[in-house]
Amino acid sequence: HRGVVPGQLGRMLEEVWQRPHVVPDPPYPGLSPYPAQAEGLLFGRDDDIARLGRELELEPAVVLQGVRGVGKTSLAVAGLAPYLALRGVDGKDDWVAVRIVPGESPDRALAEALGAISPDLEDADAAALAAFCEASPVGLALIIDPLGEVLDAPPSARVRIEALIA
């Protein structure tokens, strides 16, 4: 699975062959987080990825805390989600990072992020989301970033996301 479209593997291999050492140019996106496609480019973060990944094998959530720009989002999106996939955590064939940027309306951001996975999830409550995840061969790593925006939003705009977090 991992983004390979049937019949396109040869084209993808040629594209990778053309890139020197599979490193993008420039190799660091500045303060922008690495996307999921940057799996393997988090140099020096292997121990962090393995430790947090082992925690996620046993616990349903971890909180990454640190100052802006240290790589928390990149660690989660390009490190932890691929780690979970490679380990086959929860018997899943793959894991997808679902990034939720709360903004002023965390519930709307949650609906949009989940709706991009499946229209059935757009208005799903925690129980329906859990049932979807249980039945799906692909795990969902929900990344709420920045988490502080949930608390900054008006209470009426964060009811659903707070129920999910609880």
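Residues Phe132 and Leu114 form no side-chain contact, since every pair of their non-hydrogen atoms from C-beta on lies 4.5 Å or further apart. Within the 4.5 Å cutoff, the side chain of Leu52 has no heavy atoms near those of the Tyr83 side chain.
Contact detail for Val150 and Arg158: the closest heavy-atom pair is O-CD, 3.0 Å. The shortest heavy-atom contact between Ala141 and Ala81 is CB-CB, 4.5 Å. Nearest approach of Ala153 to Pro106, heavy atoms of both residues: CB-CD, 3.4 Å. Val101 approaches Ala109 most closely through the heavy-atom pair O-CB, 3.2 Å. In plain terms, the two heavy atoms of Trp95 and Val89 that are nearest each other are NE1-O, 3.2 Å. Between Ala78 and Pro82, the closest heavy-atom pair is O-CG, 3.5 Å.
In the hydrophobic cluster analysis, where Ile, Leu, Val, Met, Phe, Trp and Tyr join through side-chain heavy atoms closer than 4.5 angstrom, Leu142 is grouped together with Ile165. No continuous path of hydrophobic side-chain contacts links Leu129 to Ile143 [ILVMFWY only; heavy atoms under 4.5 Å]. Under the 4.5 Å side-chain contact rule for hydrophobic residues, Ile161 and Leu151 do not share a cluster.
We find the CG-CD1 distance between Leu80 and Ile49 to be 6.5 Å, quoted to the nearest 0.5 Å. Atom CZ of Arg51 and atom CZ of Arg45 lie 9.5 Å apart (nearest 0.5 Å). Residue Asp90 holds its CG atom at 8.0 Å from CD of Glu134, rounded to the nearest 0.5 Å. Distance check: Thr73 OG1 to Arg68 CZ gives 9.5 Å after rounding to the nearest 0.5 Å.
Not a single donor-acceptor pair under 3.5 Å links the side chain of Asp93 to the backbone N or O of Val138. At least one donor-acceptor pair closer than 3.5 Å links the side chain of Lys92 to the backbone N or O of Cys133.
Annotation for Glu104: atom CD does not count as buried by contact number, only 12 or fewer foreign heavy atoms lying within 6.0 Å.
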Distance-only check: which donor-acceptor pairs under 3.5 Å involve side-chain atoms of residues 120-127, not counting sequence neighbours?
{"unit_1": "Asp125", "atom_1": "OD1", "unit_2": "Ala127", "atom_2": "N", "d": "3.3"}
{"unit_1": "Asp125", "atom_1": "OD1", "unit_2": "Ala128", "atom_2": "N", "d": "2.8"}

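When the options Leu147, Val67, Val77, Leu64 are evaluated for a side chain to side chain contact (heavy atoms under 4.5 Å, CB included) with Lys72, the one that passes is Leu64.
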